[in-house]
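Let me begin by presenting the structure, written as structure tokens, before commenting on it.
Whatever order the structure lists ligands and atoms in, that order sets their numbers, starting from 1.
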Amino acid sequence: MKDHLTVVKHPLIQHKLTLMRQKDTSTAVFRQLLREISQLLAYEVTRELPMTTRTIDTPLCPMEAPVLAGRKLALISILRAGNGLLDGMLELIPSARVGFVGLYRDEATLQPVQYYYKVPDHLDERLVIAVDPMLATGNSSAAAIDLLKGSGATDIRFLCLLAAPEGVARMKEAHPDVPVVTAALDERLNEKGYIVPGLGDAGDRMFGTK
Ligand code: URA
């Protein structure tokens, strides 16, 4: 991907996102919409995957047919809200390898602290797609990418549903080599670090907590 930021403006994505933003949308519908949007975003983020060919036999004749080249993708969910994007993407790319990064914010230092980290091997040979619905301050996203690079990843993309300008700027500063793909770039963060207009707390809305 050439651009650091790609906003996917497909009408189906935008319509579904509007439904997700509405505060009266139920947990079940929110989760279903996220699953559907994640598949449409997965289509975009994998658009330029390297291809090769394989000889196959159709019922009529042999042919050289296109297939994906190289090692399988690695999808990395940034817990916990990342799992909402992960589920839909795995339906589309069922053979992808999966990893998880758990980070929480230390309220004293305001820095992200790692509490869980498990990723597939050979990250250096895979396209790595890190997923988190909300790119807000960008601090935990940048820290998650630091960890993935520490595990050898060199070809990384960051996929989210909503991004704030502050988060995009933070990612560009920390990881200019990591393209960000999102369904919308919202106006700003509020004083509590929520994206405005946003959709609220993505984890709470998808899991029905709070
Ligand atoms: N995380 C969320 O779930 N929502 C926001 O608006 C910001 C961060």
Is there a donor in the side chain of Asp204 and an acceptor in the side chain of Thr209, or the other way round, less than 3.5 Å apart?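 Thr209 and Asp204 do have a side-chain donor-acceptor pair below 3.5 Å.
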
Does Arg205 reach the main-chain N or O of Met20 with its side chain, forming a donor-acceptor pair under 3.5 Å?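 Between the backbone of Met20 and the side chain of Arg205 there is a qualifying donor-acceptor contact (under 3.5 Å).
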
Evaluate whether atom NE2 of His15 has more than 12 neighbouring non-hydrogen atoms of other residues, nucleotides or ligands under 6.0 angstrom away.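 Count not over threshold, so no.
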
Mark yes when over 12 heavy atoms from residues, nucleotides or ligands other than Lys72 sit less than 6.0 Å from its NZ; otherwise mark no.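 It does not: Lys72 NZ has 12 such atoms or fewer within range.
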
Which residue is it: Val128, Asp177, Asp124? I am looking for the one with a side chain to side chain contact (heavy atoms under 4.5 Å, CB included) to Lys149.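 Running side chain to side chain contact (heavy atoms under 4.5 Å, CB included) over Val128, Asp177, Asp124 with Lys149 returns exactly one hit, Asp177.
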
Nearest neighbour in protein (non-hydrogen) for atom 7 (C) of ligand 1: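 The protein heavy atom lying closest is Gly193 O, 3.5 Å.
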
In terms of residue, atom name and distance, what is the protein heavy atom nearest to atom 8 (C) of ligand 1?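 Answer for atom 8 (C) of ligand 1: Ala136 CB, 3.7 Å.
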
Which one holds for Ala202 and ligand 1: side chain close, backbone close, both close, or neither close, with close meaning a heavy atom under 4.0 Å?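 Both backbone and side chain.
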
Just which atoms of ligand 1 are under 4.0 Å from any heavy atom in [X]?
X      : value
Met134 : 1 (N), 2 (C), 3 (O), 4 (N), 5 (C), 6 (O), 8 (C)
Ile195 : 5 (C), 6 (O), 7 (C)
Gly200 : 2 (C), 3 (O), 4 (N), 5 (C), 6 (O)

